[in-house]
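For ligands, and for the atoms within them, numbers begin at 1 and follow the listed sequence. Throughout, numbering of the chain's residues begins at 1 and tracks the sequence. Note that this is a predicted model, so its numbers are computed, not measured.
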Amino acid sequence: MNRQRIKAMPIFGTRPEAVKMAPVVEALKRRPETFDIKICVTAQHRELLDQVLSLFRIEPDFDMGIMQANQSLSYTTSTILTRLEDILKEHRPDWVLVHGDTTTSMTAALAGFYQRIRVGHVEAGLRTGDRYAPYPEEINRRIADTLSDLHFAPTQGARDNLLREGYSPDTIHVTGNTVIDALLSIIHQGEGQTAGLLNSLVMPGRRLIVVTAHRRENLGAPLEQICHALIGLAHHYKKTVQIIYPVHPNPRVRETVHRLLGQVENITLTDPLEYLPFVHLLNRATLILTDSGGIQEEAPSLGVPVLVLRDVTERPEGVEAGTLKLVGSDTQGIMDETIRLFDDPVEYRRMSQAQNPYGDGRASERIAHVLAKWSLS
Ligand code: UD1
Ligand code: UDP
């Protein structure tokens with residue numbers, strides 16, 4: 001049979017999209033008889049993106065290199081939209097594949113739609129129900145869903161969200177979350193490679209709290225309150241806890257965090273870690289404090305409790321599984337919840353049970369399968 005190959009263009013631009021699209025790229029590439037792949041990165045992130053590209057050995061066919069310091073939402077949106085037009089006109093893929101809820105995801109879906117190219121949305125259907133939390137991601141993902149022909153929902157809950165909004169069940173496929181594919185593909189690799197780095201960072205004999213916080217809605221006063229909670233915890237557990245915080249390169253995050261936490265004895269600030277050592281660091285943690293989306297999905301697999309530095313989450317499955325608890329950004333609230341967890345072994349054990357509600361590591365295979373079936377039917 002001499003069928004034409006399906007031209008698919010995964011488009012992504014930030015660290016979390018790269019982590020979660022890497023296994024999709026691999027799954028499509030495993031079917032060279034079916035797919036002709038061209039990879040496009042917007043480079044909405046530069047260093048954070050390149051770390052992931054290098055780990056998963058992905059060489060983009062198009063690199064738009066758009067990142068600027070302190071980039072605004074309008075700058076990223078308009079630049080990506082304009083530059084993608086030329087790339088899509090020239091290459092004319094059958095499918096544009098986008099992931100999640102970033103500016104890149106939303107804009108690439110729109111650029112595909114403008115060229116009447118079909119759009120597949122990986123990690124479709126996540127919702128908090130609050131337009132401003134996370135901001136602007138809640139609206140980005142709704143727009144991406146509206147623009148998409150196929151919705152790859154990571155969970156049944158995400159599918160239900162889409163059905164409630166009137167999307168046709170034919171377009172929705174529950175696949176699991178591709179972050180689990182990424183995590184499982186690297187978790188047992190390279191522990192030797194990362195041990196040196198981690199041993200130089202981690203203070204032996206202490207409980208380890210790993211922190212990340214970068215969300216726009218937390219910038220300014222909420223991030224300051226989070227930092228004050230970390231100072232309080234560092235003092236409360238002066239000799240028994242170490243806090244490691246890989247700081248996001250966003251200058252607004254760096255300024256606050258380095259100003260407030262730079263000189264605290266048992267708080268270690270680092271640059272963002274590459275994905276492999278970061279996952280191994282999470283694995284050594286007693287507790288994670290984060291506002292990240294992806295880490296909320298990884299932690300239940302690792303069995304590490306997470307206090308989520310947000311008021312709402314689009315990942316209720318992790319809360320239901322018992323690993324995640326929402327604590328917001330209030331200084332006293334974060335301190336109280338952390339101390340309560342450290343003082344209550346029963347509650348700590350309950351939250352540490354590894355229960356992964358996000359799939360079996362085969363989400364990308366399912367996505368490739370659906371895409372092939374849908375295109376050829
Ligand atoms: C974006 C995503 C958010 C995701 C986050 C992951 C949107 C709307 N939001 O956040 O969902 O959780 O990325 O990290 O797309 N920077 C660097 N080097 C890098 C990356 C960033 O220097 O490799 C700096 C730049 O100064 C940049 C700033 O960080 O201006 C913020 O990056 P940006 O992608 O605009 O961040 P967010 O939109 O906050
Ligand atoms: N991550 C990483 N190094 C770090 C911090 C995070 O590799 O120093 C990974 C993390 O494991 C997850 C992803 O980056 O897979 C999440 O990215 P981020 O928190 O920036 O974005 P979000 O998921 O909130 O959109």
Side-chain angles (χ1 to χ4, degrees), residues 12-23 41-56 65-77 79-80 98-108 123 126 133-141 143-144 177-183 186-187 194 197 201 210-219 223 244-255 269-283 285 288 290-299 301-302 304 306 308-310 313-315 358:
F12 51 94
T14 65
R15 170 173 64 191
E17 294 165 82
V19 167
K20 292 167 168 183
M21 282 299 248
V41 297
T42 63
Q44 175 182 334
H45 288 175
R46 186 73 274 170
E47 309 88 279
L48 296 188
L49 175 73
D50 291 346
Q51 290 178 350
V52 183
L53 294 178
S54 141
L55 174 66
F56 289 99
I66 68 131
M67 194 191 85
Q68 287 186 353
N70 284 315
Q71 57 202 5
S72 69
L73 293 173
S74 310
Y75 162 78
T76 44
T77 303
T79 310
I80 295 169
V98 302
H99 179 280
D101 53 21
T102 68
T103 301
T104 293
S105 331
M106 182 269 287
T107 311
E123 202 180 81
L126 272 61
Y135 165 84
E137 289 83 1
E138 174 74 1
I139 294 298
N140 281 351
R141 55 195 170 216
I143 297 173
N177 196 308
T178 61
V179 78
I180 302 299
D181 309 16
L183 187 67
I186 59 128
I187 184 83
T194 63
L197 170 66
L201 275 178
V210 175
V211 181
T212 79
H214 69 276
R215 303 225 79 84
R216 279 171 191 267
E217 62 275 17
N218 273 337
L219 296 179
L223 186 56
I244 300 186
Y245 185 164
V247 186
H248 195 282
N250 186 337
R252 291 190 62 195
V253 175
R254 294 188 78 83
E255 188 282 319
L269 303 181
T270 71
D271 284 336
L273 296 180
E274 293 188 16
Y275 187 52
L276 188 59
F278 185 71
V279 166
H280 291 154
L281 182 73
L282 291 184
N283 220 2
I288 300 167
T290 190
D291 64 7
S292 163
I295 296 172
Q296 291 180 60
E297 294 154 342
E298 291 161 343
S301 285
L302 302 172
V304 184
V306 181
V308 183
L309 304 168
R310 303 191 192 182
T313 183
E314 60 291 270
R315 274 112 177 154
Y358 293 112

Atom 15 (O) of ligand 2: which protein heavy atom is closest, and how many Å away?
-> E298 OE2, 2.6 Å
Among R315, E274, H214, which residue places a heavy atom closest to atom 18 (P) of ligand 2?
-> H214
Between T194 and H280, a side-chain donor and acceptor under 3.5 Å = yes
Listed partners of E138 passing salt bridge (charged side-chain N to carboxylate O under 4.0 Å, His left out), at least two apart = R141, R142
Report the residues that fulfil salt bridge (charged side-chain N to carboxylate O under 4.0 Å, His left out) with E123, sequence neighbours left out, ordered by chain and then residue number.
-> K20, R315
Run the numbers on N70 and R252 for side chain to side chain contact (heavy atoms under 4.5 Å, CB included), then give the verdict.
-> CA-CA 8 Å; N70 284 315; R252 291 190 62 195; 4.2 Å; yes
Which atom pairs, nitrogen or oxygen on both sides, join ligand 1 and the protein at under 3.5 angstrom?
{"from": "ligand 1", "atom 1": "9 (N)", "to": "E137", "atom 2": "OE2", "distance (Å)": "2.9"}
{"from": "ligand 1", "atom 1": "11 (O)", "to": "E137", "atom 2": "OE2", "distance (Å)": "2.6"}
{"from": "ligand 1", "atom 1": "11 (O)", "to": "R215", "atom 2": "NH2", "distance (Å)": "3.2"}
{"from": "ligand 1", "atom 1": "12 (O)", "to": "H214", "atom 2": "NE2", "distance (Å)": "2.8"}
{"from": "ligand 1", "atom 1": "12 (O)", "to": "R215", "atom 2": "NH2", "distance (Å)": "3.3"}
{"from": "ligand 1", "atom 1": "13 (O)", "to": "H45", "atom 2": "NE2", "distance (Å)": "3.1"}
{"from": "ligand 1", "atom 1": "14 (O)", "to": "H248", "atom 2": "NE2", "distance (Å)": "2.8"}
{"from": "ligand 1", "atom 1": "15 (O)", "to": "Q44", "atom 2": "NE2", "distance (Å)": "2.8"}
{"from": "ligand 1", "atom 1": "15 (O)", "to": "T103", "atom 2": "N", "distance (Å)": "2.9"}
{"from": "ligand 1", "atom 1": "15 (O)", "to": "T103", "atom 2": "OG1", "distance (Å)": "3.4"}
{"from": "ligand 1", "atom 1": "18 (N)", "to": "E47", "atom 2": "OE1", "distance (Å)": "3.2"}
{"from": "ligand 1", "atom 1": "18 (N)", "to": "E47", "atom 2": "OE2", "distance (Å)": "3.4"}
{"from": "ligand 1", "atom 1": "23 (O)", "to": "R46", "atom 2": "N", "distance (Å)": "3.1"}
{"from": "ligand 1", "atom 1": "23 (O)", "to": "E47", "atom 2": "N", "distance (Å)": "3.1"}
{"from": "ligand 1", "atom 1": "23 (O)", "to": "L48", "atom 2": "N", "distance (Å)": "2.9"}
{"from": "ligand 1", "atom 1": "26 (O)", "to": "N70", "atom 2": "N", "distance (Å)": "3.3"}
{"from": "ligand 1", "atom 1": "29 (O)", "to": "N250", "atom 2": "N", "distance (Å)": "3.4"}
{"from": "ligand 1", "atom 1": "30 (O)", "to": "Q68", "atom 2": "O", "distance (Å)": "3.0"}
{"from": "ligand 1", "atom 1": "30 (O)", "to": "N70", "atom 2": "N", "distance (Å)": "3.0"}
{"from": "ligand 1", "atom 1": "30 (O)", "to": "Q71", "atom 2": "N", "distance (Å)": "3.0"}
{"from": "ligand 1", "atom 1": "34 (O)", "to": "Q44", "atom 2": "NE2", "distance (Å)": "2.9"}
{"from": "ligand 1", "atom 1": "34 (O)", "to": "H45", "atom 2": "NE2", "distance (Å)": "2.9"}
{"from": "ligand 1", "atom 1": "34 (O)", "to": "Q71", "atom 2": "NE2", "distance (Å)": "3.4"}
{"from": "ligand 1", "atom 1": "35 (O)", "to": "Q71", "atom 2": "NE2", "distance (Å)": "3.0"}
{"from": "ligand 1", "atom 1": "35 (O)", "to": "R216", "atom 2": "NH2", "distance (Å)": "3.4"}
{"from": "ligand 1", "atom 1": "38 (O)", "to": "R216", "atom 2": "NE", "distance (Å)": "3.1"}
{"from": "ligand 1", "atom 1": "38 (O)", "to": "R216", "atom 2": "NH2", "distance (Å)": "2.8"}
{"from": "ligand 1", "atom 1": "39 (O)", "to": "R216", "atom 2": "NE", "distance (Å)": "3.3"}

Residue list, salt bridge (charged side-chain N to carboxylate O under 4.0 Å, His left out) with R46, at least two apart or on another chain | D50, D63
Which is closest to atom 16 (C) of ligand 2 in terms of heavy atoms, P249, G293, S292?
-> S292
Numbered in order shown, the ligand 2 atoms found under 4.0 Å of a heavy atom of G294 are 22 (P), 23 (O)
Element-labelled atoms of ligand 2 that are located less than 4.0 Å from some non-hydrogen atom of P272 = 8 (O)
Within-cut-off N or O pair, R15 and ligand 2, under 3.5 Å | yes
Is ligand 2 less than 4.0 angstrom away from at least one heavy atom of K20?
-> no
Which residue holds the protein heavy atom closest to atom 1 (N) of ligand 2, what is that atom called, and what is the gap in Å?
-> F278 CD2, 3.5 Å
Counting from 1 in the order shown, the ligand 2 atoms closer than 4.0 Å to a non-hydrogen atom of P246 are 8 (O)
Identify the two heavy atoms, one from P23 and one from T178, that lie closest to each other, and give their separation to 0.1 Å.
-> CG-O, 3.5 Å
